[in-house]
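Please read the structure below before turning to the comments.
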Amino acid sequence: KAKNVKGYAPICLGLEDFYVRRLYLRIQDCFGRPIASAPDSWFDVVERTSNDNNKTLQRTSNTTRCLNLGSYNYLGFAAADEYCTPRVIQSLKKYSASTCSVRVDGGTTKLHTELEELAARFVGKPAAILFGMGYVTNSAIIPCLIGKGGLIISDSLNHNSIVNGARGSGATVRVFQHNSPAHLEEVLREQIAGGQPRTHRPWKKIIVIVEGIYSMEGELCKLPEIIAVCKKYKAYTYLDEAHSIGAVGQSGRGVCELLGVDPADVDIMMGTFTKSFGSCGGYIAASKEIIQHLKHSCPAHLYATSMSPPAVQQVISAIKVILGEDGSNRGAQKLARIRENSNFFRSELKKMGFEVLGDNDSPVMPIMLYNPAKIPAFSRECLRQKVAVVTVAFPATPLLLARARICISASHTREDLMKALDVISRVGDLVGIKYFPAEPPKI
Ligand code: PMP
C-alpha cells in the first residue's frame with residue numbers, strides 16, 4: 001500500500017512522513033512497546049551499584065552488570081569524584097536539594113551567580129543565564145529571541161528541543177540540508193531575495209540554528225563555513241553545544257576551540273550540564289544585552305524554580321577540574337583520555353568493517369544497523385555479553401537508518417574498550433551488520 005502513496009520513496013526517509021509514522025505506531029501498538037525496546041533488549045530500570053563513574057549499569061530485574069557504552073558521561077563526572085563530590089555534599093547540607101523558589105523571588109544563591117560567571121568565562125562570552133533543564137533551555141529560549149516576522153533556518157537534524165522551540169516561536173521556520181553550508185546559503189538567498197531583486201529585507205530577524213556535535217550522527221558542525229555564510233547574509237547564529245561543550249577542544253571549550261572559531265562570532269551559545277559535567281540543567285551564553293533581555297522576559301527564568309544548588313555546585317566543581325583550578329591536572333588528563341578513547345574506538349570499529357558515522361574526536365559513535373528489525377537482536381546480544389549499548393530508531397532517526405549509538409567516556413579504560421570491541425565484533429557478525437570487509441577479499 002505504501003508504494004502507492006505518491007512520493008513514498010523520498011518521503012519515507014524523512015522524519016515527518018505521515019504514513020510511515022502511522023504504520024510504525026500501529027506496529028508498536030501490537031507489541032505494546034516501542035519496537036526498539038523488545039523484551040530483554042534494554043534496561044528498563046537500572047540500579048547504580050558501583051562507584052565507578054557510571055561506567056557500569058545493573059538491571060534491577062536480575063544481576064546483570066554491564067559495561068556502559070550508552071550514557072553521555074563524557075568526562076566521567078557522573079558519580080563520585082574526589083573534588084566534586086565533597087563539595088556537592090557540602091552544598092546539599094548548606095542549601096538543601098531545592099531552593100523551592102524561582103530565580104527572581106529568592107531562588108538565586110551565591111552558587112547560581114558563580115556558575116553564570118564561570119560558564120560565561122568558560123565558553124568565552126560576556127554573560128550567561130541558567131535553566132533547570134537542557135531541553136527547556138532550547139524550547140523556552142528560542143521563542144524569546146524571535147517571533148512572528150522572523151525567520152529561523154534550522155539544520156535538518158537538529159534536536160527535538162530546538163524543533164519545538166522553533167515551532168513555538170511563531171517565526172517562519174525553514175530547514176537546510178544537514179551540515180551543508182552551501183544549502184544554507186541557497187535557503188538564505190531564496191528567503192532574502194526570493195529570486196527577485198528586492199530593495200528591502202523581508203524578515204525582521206534571521207537566526208540560523210546548528211549543533212556542535214550532532215547527537216544521532218556524531219558529526220562535528222561545519223561551524224567556520226556556516227558562520228561565514230551567516231555573516232554574509234547578516235543572520236544570527238545559535239549553537240547548541242549539548243554534546244560538545246566539555247567533551248572536545250584542547251581545554252574542553254567545545255567546537256569553537258576545536259575548529260578555531262572565535263566565540264565572539266557565535267551570537268548565542270547554548271549548552272547543557274547533563275553530559276560532560278555530570279549534572280543537570282542548561283545555559284545560554286551571549287552578550288550582556290541578550291542575557292539581560294532573557295532575564296527580564298523568559299518565562300522559564302521568571303516562573304520556574306531555579307536549578308538545584310547541589311546540581312549547580314557539581315557543574316562549578318567539574319568546570320574547575322577541567323580548567324585545572326582544583327590544583328591538579330586531572331582535567332587535562334580526562335580531556336586527553338576522551339580524545340584518545342574516541343579516536344581509538346572509532347578506528348577499530350571501522351577496521352572491523354562496521355559503518356560508523358561521525359568525525360574524529362567526537363565521542364558519539366553511531367554504528368549503522370539500517371534495518372530496524374536488527375535492533376533488538378543487536379542490543380539483546382550485547383547485553384547478554386555484558387555490554388550495554390543504546391539503539392536508536394524511528395522517529396528519532398529516519399525509518400531505514402536505525403543505528404546503535406556508542407558514547408565513549410574518559411572513564412573507560414583501554415581494557416574496557418578492548419572488551420567492548422570484542423563483544424561488538426562478535427555480535428556484529430551474528431546480526432550481519434559489518435558492511436565493509438575489514439581486509440580486501442583474497443582472490
Ligand atoms: N540539545 C541536544 C542537542 C541534545 O542532544 C539534548 C539531549 N540529549 C538536549 C538539547 C536536551 O538536553 P537535556 O537532556 O540536558 O535536557
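Every number for a ligand or one of its atoms is a count from 1 in the order of the listing.
- By the 3.5 Å distance cut-off applied to N or O atoms, Lys275 is counted among the residues near ligand 1.
- Between Tyr72 and ligand 1 there is a heavy-atom distance shorter than 4.0 Å.
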**Message:** Does Glu217 form a salt bridge (charged side-chain N to carboxylate O under 4.0 Å, His left out) with Arg403? I'd like the steps, not just the answer.
**Reply:** CA-CA 10 Å; Glu217 314 299 308; Arg403 62 201 66 180; 2.8 Å; yes
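- In terms of modelled atom types and a separation under 3.5 Å, the side chain of Lys334 and the main chain of Leu75 share a donor-acceptor contact.
- Listed by first and then second residue, the ring-ring contact (aromatic ring centres under 6.0 Å, His included) pairs involving residues 108-132 amount to none (not counting sequence neighbours).
- Ranking protein heavy atoms by distance to atom 9 (C) of ligand 1, first place goes to His159 CE1, 3.5 Å.
- Applying the 6.0 Å contact sphere to CE of Met133 captures no more than 12 heavy atoms from other residues, nucleotides or ligands.
- Near Thr272, meaning under 4.0 Å from one of its heavy atoms, ligand 1 places the atoms 12 (O), 15 (O).
- Close approach to Ala242 involves these atoms of ligand 1, each under 4.0 Å from a residue heavy atom: 1 (N), 2 (C), 3 (C), 4 (C).
- More than 12 heavy atoms of other residues, nucleotides or ligands shown are found within 6.0 angstrom of CD on Gln333.
- When hydrogens are left out, the protein atom nearest atom 15 (O) of ligand 1 is Thr274 OG1, 2.7 Å; that is the closest non-hydrogen contact.
- For ligand 1, the atoms closer than 4.0 angstrom to any heavy atom of Met133 are 16 (O).
- Under 3.5 Å, the side chains of Asp361 and Asn343 contain a donor-acceptor pair of N or O atoms.
- Regarding atom 1 (N) of ligand 1, its nearest protein heavy-atom neighbour is Asp240 OD2, 2.7 Å.
- Within the listing of ligand 1, atoms 1 (N), 10 (C) sit less than 4.0 angstrom from a heavy atom of Asn138.
- Looking at Asn158 against ligand 1, nothing comes within 4.0 Å, counting heavy atoms.
- The residue Phe273 has no part lying near ligand 1, judged by heavy-atom distances below 4.0 Å.
- A salt bridge links Arg121 with Glu325: at least one charged nitrogen is closer than 4.0 Å to a carboxylate oxygen.
- Any N or O atom pair closer than 3.5 Å counts here, and Gly134 shares at least one such pair with ligand 1.
- The ligand atoms of ligand 1 that sit less than 4.0 angstrom from a heavy atom of Ser215 are 5 (O).
- Taking the six-membered ring where the residue is Trp, Phe273 and Phe277 present perpendicular rings, their angle passing 60° and hence far from 30°.
- Around the CD atom of Gln90, the shell of radius 6.0 Å holds no more than 12 heavy atoms that belong to other residues, nucleotides or ligands.
- Ligand 1 places these atoms under 4.0 Å from at least one heavy atom of Ser161: 1 (N), 10 (C).
- When each atom of ligand 1 is checked for a heavy atom of Glu211 under 4.0 Å away, the hits are 3 (C).
- Heavy atoms of other residues, nucleotides or ligands lying less than 6.0 angstrom from OH of Tyr303 number 12 at most.
- Other residues, nucleotides and ligands place no more than 12 heavy atoms under 6.0 Å from the OH atom of Tyr236.
- Nearest to atom 5 (O) of ligand 1 among the protein's heavy atoms is His243 NE2, 2.8 Å.
- Closest to atom 16 (O) of ligand 1, if we only count protein heavy atoms, is Tyr135 N, 2.8 Å.
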